[in-house]
> 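Can you read through this structure? Questions will come right after.
Protein chains get the first letters and strands the later ones, always in sequence-line order, with residue 1 at the start of each.
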4 protein chains.
Amino acid sequence: MEKITPILNAARDLFAEKGFEQTPIADIAKKAGVAGGTIIYHFKSKENLLFILIRQILYSLYRHAQDEISTATNGLNAVESYIRAFFSFLDSRGSDFKVLLKTNPFEVINLQEHPNADVKLIFDRYLDLLVDAIKRGQADGSIRDGQPAELGKFIFAALFGSAQLKVVFGDSSTNLRDSALHFARAGLKK
Amino acid sequence: MEKITPILNAARDLFAEKGFEQTPIADIAKKAGVAGGTIIYHFKSKENLLFILIRQILYSLYRHAQDEISTATNGLNAVESYIRAFFSFLDSRGSDFKVLLKTNPFEVINLQEHPNADVKLIFDRYLDLLVDAIKRGQADGSIRDGQPAELGKFIFAALFGSAQLKVVFGDSSTNLRDSALHFARAGLKK
Amino acid sequence: MEKITPILNAARDLFAEKGFEQTPIADIAKKAGVAGGTIIYHFKSKENLLFILIRQILYSLYRHAQDEISTATNGLNAVESYIRAFFSFLDSRGSDFKVLLKTNPFEVINLQEHPNADVKLIFDRYLDLLVDAIKRGQADGSIRDGQPAELGKFIFAALFGSAQLKVVFGDSSTNLRDSALHFARAGLKK
Amino acid sequence: MEKITPILNAARDLFAEKGFEQTPIADIAKKAGVAGGTIIYHFKSKENLLFILIRQILYSLYRHAQDEISTATNGLNAVESYIRAFFSFLDSRGSDFKVLLKTNPFEVINLQEHPNADVKLIFDRYLDLLVDAIKRGQADGSIRDGQPAELGKFIFAALFGSAQLKVVFGDSSTNLRDSALHFARAGLKK
DNA sequence: GATGAATGAGCCTTCATTCAT
DNA sequence: GATGAATGAAGGCTCATTCAT
């Protein structure tokens, strides 16, 4: 029971470092100071371990954005907070984020299967945070007209693309963040 | 010798569909109508087959962008052409693109090792096309000031993020393209 | 202590349904509403649990035959009662019988090892019931001459073969019983 | 390709000796002088290897009975030949037979699944040989009236029960055969 | 008596790669 | 150039059993 956290931590680190497929359960076990069978005992399968991990990470990301947005004074400001939150998460919890990007979670995990559905759900919620900020901005006059869902999706895409650039090629997240803020403002302002 | 093309085609389709790790050489062999040994005989290793494939695809993408840009009348126009080229490639050669996104090529392939270096090279060239367009725009007055490399990287990130959204969740590439054009114009124009 | 019966019942059902090897202790535990460790605690090992079960079942079979024979008026009649008892047991306690046939108990259980010896003992006693009936028939003139042990063994073999046919292929036990009675009478009568 | 026979031979011996579940593929490989992977390469799965083996054995048994019956002069004679063939097979190819009895093939092998269907088919054919002999006897007057299918099934059951007695407890097949012949004659003759 | 988390040996299977033909 | 039988290391998973509580 108290082995669950060490396992999750070991898995996070190894998945982030070498990827899901390249990480044998035995390695996780060794790093977590646990027997191989213990991992399956608690997580049923290696894939499910990934799923649990992804859900945790996604939820943290969601909460982090939510916190940041909560103090925004208007819609555009909320979008900026959302972007800042994304990059600060990326910086402070880079290892977590690598898991997200290195495992193509939505490929490895079959989203059709019931228990995985909530990963998609959290993901959607996280996107909604951005779309809602845009709607708010359109209501309070800080953001121009346009379909909030489409504007949101594109910004979202840009954020994940930036993260990939940082994670894969080591690009500076500061520069990417500033560019993201710049383009978002330019594209959204009235 | 004449077995090489069928092998590449089969590999492309299968890598696109199920991913690199999930595709056994035996499956490629069967789909290509070839013996398993033949693939190793021609490509040395499975990883190298992926490398060859990625290089081909990346090069096509590069040429496609180059073609599109060649008729641009100014820098901003060239950037727009670059974006359009990206999405038209994504639409017409979706399977190729999936290979790029599903294999995290820059993870699987160790870019430090010599023969793989040119994948990174083509990749950089492709990015340079965009950066050069921005520089051109700054020279001809169609694009505002700012560091071309950073502006370019962000647009680039947004494009790949969009592709991922399309490939993974099936989002409309038309909407994503229009948003990309919108944000690029807004962020680059004087 | 009061957990023993539920465990035995669950084990009986599962062994009958899926066989000994195919039934994990965990499944028995769940079905019995008991913890996994409890089963080992009470039965020492999975194999020993099977052994206890087999002994119970065999003893029931033995008692059932004994009861039926007790009212027989002569030897041939006793043999017929024995056969009828076998099939009525097979019908009324099919699940028990399946355990016997599905586990090849005499393979799984090493009869050389001391505590298991009494399974073989009960088995022999059960066979003796039949052999004794034949002897009795030879004494009272209802059964022809011949080696009782051999005649008995063959009838015995036929009964177990019939049970297997019923259990595996679902053949009618009524037909099999009538045939058994027919052949036994024909082969034993003077 | 030339490894298939050694594998089948090794599997036959080991399944006969220790049973299907108790025989790791690695043991078969070692005994066959082959790599572990080779077995799966040729037989797809351990279960399928058993299936192939069972089919071979069953077919031999079938052919053996067919040969023996072919010279019978009448129906009753054919039944006797069938019984003799059974026991001579049991004696000369005891190891093969043990595989049949030790694996409860009809349990391990899911008869519903297509490729396994023919095991049941051969099995039925083998039984039909006996039923047809009984019909022939009823036609030529050497065998009394009665439902051939039921009479056949019972004799069949007796034969398999006898084999089990021999295999498990080492009973003499000569005695069992003579008893079988005795009871069959007594039960079938006019 | 009972629990259930934890163990770790064991097993089947996968699969990239080799090599004799 | 091409084949495909053969390999064997590697990995995910099962499960009877142990033991601290």
> How long is the line joining CD1 of A:I4 and P of E:dG4, in whole Å?
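Spelled out: CD1 on A:I4 to P on E:dG4 is 15 Å.
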> Can you measure B:K30 atom NZ to F:dT3 atom P for me and round it to whole angstrom units?
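After rounding, the reported distance stands at 15 Å.
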> Can you give one letter per nucleotide of nucleotides 11-20 of chain E, 5' to 3': B if a protein heavy atom sits under 4.0 Å from the base, S if only from the sugar-phosphate, - if neither?
SSBBSSSB--
> Taking the six-membered ring for Trp, are the ring centroids of D:Y59 and D:F123 within less than 6.0 Å of each other?
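Ring centres of D:F123 and D:Y59 not closer than 6.0 Å.
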> Passes side-chain contact (heavy atoms from CB on, under 4.5 Å), B:E21 versus A:Q22? Steps please.
CA-CA 10 Å; B:E21 326 265 8; A:Q22 282 68 36; 2.6 Å; yes
> To the nearest Å, how far apart are D:D27 CG and E:dG10 C1'?
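That distance rounds to 11 Å.
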> Do C:K46 and C:F20 form a cation-pi contact, if we require the NZ or CZ to be under 6.0 Å from the six-membered ring centre and within 45 degrees of the ring's axis?
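Verdict for C:F20: a cation-pi partner in C:K46.
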> The test is side-chain contact (heavy atoms from CB on, under 4.5 Å); show your working for D:L49 and D:I28 and say whether it passes.
CA-CA 11 Å; D:L49 166 59; D:I28 304 175; 4.0 Å; yes
> Nearest whole Å is fine: how far is E:dA5 C1' from A:I39 CD1?
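After rounding, the gap between these two atoms is 14 Å.
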> How do D:T38 and B:T38 order along DNA chain F: which one's closest nucleotide is nearer the 5' end?
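That would be B:T38.
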> Applying side-chain contact (heavy atoms from CB on, under 4.5 Å), run through C:K3 and C:I39 and close with a yes or a no.
CA-CA 9 Å; C:K3 310 252 172 174; C:I39 294 180; over 6 Å; no
> Where the side chain of C:K102 meets the backbone of C:A16, is there a donor-acceptor pair that is under 3.5 Å apart?
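Confirmed, C:K102 side chain pairs with C:A16 backbone.
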> Looking at the side chain of A:K3, which of E:dT7, E:dA2, F:dT3 is the nearest nucleotide?
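Of the candidates, E:dT7 comes closest.
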> If the condition is side chain to side chain contact (heavy atoms under 4.5 Å, CB included), which residues does C:A32 pass it with, not counting sequence neighbours?
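Partners of C:A32 by the side chain to side chain contact (heavy atoms under 4.5 Å, CB included) criterion, ordered by chain and then number, come out as C:P6, C:I7, C:A10, C:V34.
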> According to the Watson-Crick and G-U wobble definition with distances under 3.5 Å, which dot-bracket string, read 5' to 3', encodes DNA chain F, using [ ] for crossing pairs and | for pairs with another strand?
.||||||||||||||||||||
> Looking at E:dG1, I'd like to know if its phosphate oxygens (OP1 or OP2) sit under 4.0 Å from a side-chain N or O belonging to C:H42.
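Answer is no, no contact under 4.0 Å.
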> Do side-chain atoms of A:N48 reach the backbone of A:F43 as a donor and acceptor pair under 3.5 angstrom?
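Answer holds: yes.
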